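Quick notes on the structure that follows.
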Amino acid sequence: MRLPNRIGSSGPRRLVVAVATWAVGLAFAAPLLWILINSLRRNDQIFTSTYPLSWRSFLPQPATWANYELVLTGQFGRSVLNSLLVTVIAIVVGLFISALAAYALAVLRFRGASFVFSVVVLGFLIPFDAVAVPLSNLFRSWGLANTYSGLILPGLASGFAIFILRQFFAAIPYELTEAARLDGLGWWGVFWRIHLPLSRPALIGAGFTIFLFEWDSYLWPLLIATDPSMVLGPIALTAFNGQYKVEFGAIFAGSVLLTAVPMVLLLFFQRYFTASLTTTGSKG
Amino acid sequence: MTAGPTRSGGVPAPERPRTGSFSRLRRNLRRSPAPQALAFLAPALLLMVVLRLAPMAGAVGDSLFHYSLSTQSRRWEGLGNYIYLLSSPEFRQVLAVTALFLVIIVPVQVGLALLVATLLAERTPGIGAVRTMVFLPVAAPAAVAALTWGVAYQPKGVINAVLGWLGLPDQPFLSSSDQALLAIIVIMSWTGIGYWTMFLVAGLQDIPLELYEAAAIDGAGWWACFRRITLPNLRKTLAFVVVADTVSSVLSFVPVQALTQGGPSGSTRLIMYDLYNRSFALGDTSLGQAEVVLLLICLIGVVAVQFRLLSRGEA
């Protein structure tokens, strides 16, 4: 039976839908392609090759790696490494802390669990950026400015991660926990040997949200890490857009590098991420 | 003992002979003392105090004083900072610009995300590739989106080149107070629409096909199905997306900081940029903190709605 939930029900309609769909896809992808092409262009050609538009606008001619060399050998390379380090630590430690909390809330049935759950999730739903300015004052007075700890700490607890993991833990049959307890496993053992290994999809989904938070963060590193050795990737990128000199080629090469990392992860893990989305707001 | 204990909402456990001591053991194993739970929760609760409560309390405290940079002294101000802010024309313009921004960006992003999600649900050749193309910009960090579009918006940039090819006149974009805010909305929508589409695609997949089968028997067309079945069943997802998009849009900061610094003539001075600029560039921390508190009051309301939408998902 043909269902009426599709617009493309007849030949001509299907053609219109196909053209519209591909046009939308190309519109989203075109800027990325343009960024990639410009990253391979000589600085002086970035504007002359596209204005006015000609066939030359679509190919870097001659192609050059100079922008990537400039970007990787300078301060920017160091900043990308800083970003990677901060992000990886935040994901590992953040997942651990979130999973501990989610486990306590989903499996350990103590009095007031649902109240604590509300407080924790509600608290972390308050977006971090809204408290970033007052928090940066506190962090400076605690001596955490320009330290890796200062950069990492805000990413360690995510309400979204706790929420996803708690949903997943709660769906694990309680009989499994009981059986393990009868066999003499402690609460820690149940967490470490049963709930964590069974929750890979949820951990990937939650890890992805922590990743995006850390990798994208801009306001916080701008506030707390101003020392050149501690600057993170996105801030270093804006430095190419200087007040007196703009390094156009470097902006594009740096953009490619900063986008490539999440893009690869997105392509690999999109399935898990979308799956974790269904367990949150969307399902009812 | 006749029947096994029933777990809340569950089916009664099958009757099974059981000695008293076994059932006590079972109860003991099941019960977890609160101290255990507290130990598991401690790191998250500690972070909650440090990363949310402490800065919120700090902002409220600082906003009640006047801090003088020249004399390094604090003077009790009460609600003076708030009164000053709310009566100053500059701050009123910030609120007006932020409201205008929200009123445009949220419907545009959610509407287009719904359109894109609907198209992605069609059986079009190569739909997997299109789906990837729509989602890929989500990977671009905000700084990347802002800076690259900033180059595209230049007077001799690629967008004016395309307009020229179409026979249209050059546009000023970021340097015009009429266009700058819209230009920023376009930048944020390039990455934002794909992100919200992900939620809506997931929501569409959750609608039971049986509903459409029933509609097919009744002879309903696509539009009737979309209005009577798709939209009502997508209501919760849409509500969540609208609220979450509102929260993230209120916090828009990167394109303003990187491209326009609030200009031209205050037309892009969104609240996050204003409170950042007031606190650091202008060094007026007390007013900046009062602004943080006002922002938090608005956000907590929105977040409470978001929380209700989230928890409605669980049984």
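Since we're looking at a predicted model, the values are computed, not measured. Below, read A as the first sequence line, B as the second, and so on, with proteins coming before strands; counting in each chain starts at 1.
Contact annotation for A:S136: only side-chain heavy atoms (C-beta onward) come within less than 4.5 Å of a heavy atom of chain B. At a 4.5 Å heavy-atom cutoff, the contact between A:F139 and chain B is made by side-chain atoms alone. For chain B, the nearby part of A:Y218 is the side chain; its heavy atoms alone come within less than 4.5 Å. Residue A:L265 does not touch chain B at all, counting heavy-atom pairs closer than 4.5 Å. If you measure heavy-atom distances from A:I235 to chain B, you find no contacts under 4.5 Å at all. At a 4.5 Å heavy-atom cutoff, the contact between A:L266 and chain B is made by side-chain atoms alone. Using a 4.5 Å cut-off between heavy atoms, A:N241 contacts chain B through its side chain alone, with no backbone atom that close. Contacts of A:N38 with chain B are absent, with no heavy-atom separation under 4.5 Å from either backbone or side chain.
Using a 4.5 Å heavy-atom cutoff, the side chains of B:Q154 and A:F248 are in contact. With contacts defined as side-chain heavy-atom distances shorter than 4.5 Å, the pair A:V131/B:L296 qualifies. A 4.5 Å side-chain heavy-atom check between A:F240 and B:L147 finds every atom pair outside the cut-off. Side-chain contact between A:L32 and B:M133: absent, with no pair of heavy atoms (C-beta onward) separated by less than 4.5 Å. B:V303 has its side chain within reach of A:P127: a pair of non-hydrogen atoms, C-beta onward, lies under 4.5 Å apart. Residues A:F28 and B:L136 have side chains not in contact (no heavy-atom distance under 4.5 Å, counting atoms from C-beta outward). The shortest distance between side-chain heavy atoms of A:W34 and B:T148 falls below 4.5 Å. Using a 4.5 Å cut-off on side-chain heavy atoms (C-beta onward), B:W223 and A:I7 make no contact.
Heavy-atom pairs under 4.5 Å with chain B peak, among A:A260, A:G254, A:S255, A:A27, at A:S255. Interface remark: of the candidates B:V302, B:L211, B:L209, B:L209 forms the most heavy-atom pairs closer than 4.5 Å to chain A. Interface check for chain A: of the options B:N160, B:V254, B:T285, B:L295, the most heavy-atom pairs under 4.5 Å are formed by B:V254. Ranking B:G164, B:G58, B:G157 against chain A, the residue ahead of the rest is B:G157, based on heavy-atom pairs under 4.5 Å. Counting heavy-atom pairs under 4.5 Å between each of A:F191, A:W188, A:F128, A:W215 and chain B puts A:F128 at the top. Comparing A:F96, A:F252, A:W22 by how many heavy-atom pairs each has under 4.5 Å with chain B, the most go to A:W22. Contact count against chain A (heavy-atom pairs under 4.5 Å) is highest for B:P141 among B:P137, B:P141, B:A143.
Under the side-chain contact (heavy atoms from CB on, under 4.5 Å) test applied with B:L41, the options A:L100, A:I97, A:L105, A:L108 reduce to a single match, A:L105. A side-chain contact (heavy atoms from CB on, under 4.5 Å) with B:V144 is found for exactly one of A:I251, A:V256, A:L237, namely A:L237.
Heavy atoms only, all atoms of each residue included: A:I162 and B:A44 are closest at CD1-CB, 4.5 Å. Nearest heavy-atom pair, A:V120 versus B:M48, reported as atom, atom and distance to 0.1 Å: CA-CE, 3.9 Å. The heavy-atom pair separating A:A104 from B:A37 by the smallest distance is CB-O, 3.8 Å. In this structure, B:S279 and A:V133 approach most closely via the heavy-atom pair OG-CG1, 3.8 Å. Scanning both residues, B:V292 and A:A130, for their nearest heavy atoms gives CG1-O, 3.5 Å.
Although no hydrogens or angles enter the test, the distance criterion places no donor-acceptor pair under 3.5 Å between the side chain of B:W190 and the main chain of A:P31.
Residue pairs meeting the side chain to side chain donor-acceptor pair (under 3.5 Å) criterion with at least one member in residues 117-127 of chain B: none, sequence neighbours excluded.
Between B:F40 and A:Y103, the ring-plane angle classifies as tilted under the 30° and 60° cut-offs.
Scored by the salt bridge (Lys or Arg N to Asp or Glu O under 4.0 Å) test, A:E214 finds no partners at all (sequence neighbours excluded).
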Practice task
List the steps, then state whether side-chain contact (heavy atoms from CB on, under 4.5 Å) holds for B:F135 with A:L267.
Solution key: CA-CA 9 Å; B:F135 290 165; A:L267 289 177; over 6 Å; no
